[in-house]
Amino acid sequence: MHIVKKALLESAFFIFVYSLSGSGYASDCLPSGHRERVVPARVIDGDTLLTESRQKLRFAGINTPEIHYGSGEPDLFAIEAKVALEQWLTDADEIIWVSAQDPRDHYGRSLGYLLIDGRPVAEKLIASGLGWAVAIAPNLQLVDCLLAAERDARRQKLGVWQFSPVSAGGVDQGGFVVAFGRVTAVDKTRNAVFLEVDDNLAIKIDRQLLVPEMLKRLLGSLGH
């Protein structure tokens, strides 16, 4: 899912909280794909690290709070996410990188899933309340289990879930935010559905993320 701000605030980005199948995240949370052992050199933040071979790895399926190096105070729980990852890596017996279907982002970082002793780091962080589950096609392998982990953390009010989402109508700056609001308009294209929330931001949902019944119910509820 890609979420884009309206023209007034084009630099802002948002994640729309939603659920797919709701399956569990224990035995299901194992990605398939090319695997390689990696040796971490430095943890940049909770969802990014640098290897000894100078490869920058960005974990798919998760966003952790930003540290904002040199440009302000870290977001709440940003340091905790970084420290947790550092500790897990220090204690690990085996560290494996599994490339995602789309293996590179627009910053040139490698996209994929980091496994520490067989468990995805993204799931560990999200289950601890130190990150949010995100779904960006086509890298959707672990979306169900990561959303299940997020639901558990949210129910327990762990980490980032100690705070309530912000109103979509009041968001006035860029960055990552969990927001709530009322859908005020809807548009459709061949490949996506666009929802306008509180007349302030637009959410683009790839149709491949919506099963036919879900799409029918969504558009029906909006009078389309």
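Because the structure is a prediction, the values reported are computed rather than measured.
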Other residues, nucleotides, ligands: >12 heavy atoms within 6.0 Å of E73 CD: no

Atom of A133, atom of L147 and distance for their closest heavy-atom approach: CB-CD2, 3.9 Å

Within-4.5 Å side-chain heavy-atom neighbours: E36 and V98: no

Closest contact, heavy atoms only, I62 versus V134: N-CG2, 3.5 Å

Heavy-atom side-chain contact between D75 and H68 under 4.5 Å: yes

Side-chain touch T184/R182, heavy atoms, less than 4.5 angstrom: yes

Side-chain heavy atoms of F59 within contact of L85, under 4.5 Å: yes

Enclosure of Y107 OH (heavy-atom neighbours >12, cutoff 6.0 Å): no

Check: F194 and V186 side chains under 4.5 Å, non-hydrogen atoms: no

Side-chain heavy-atom pair I67, K82 within 4.5 angstrom cut-off: yes

Pairwise side-chain contact, Q101 with P138, heavy-atom cut-off 4.5 Å (strictly under): yes

Shortest non-hydrogen separation from S110 to Q55 and the atoms involved: OG-NE2, 3.0 Å

Exercise: do Q156 and D152 side chains pair donor with acceptor under 3.5 Å: no

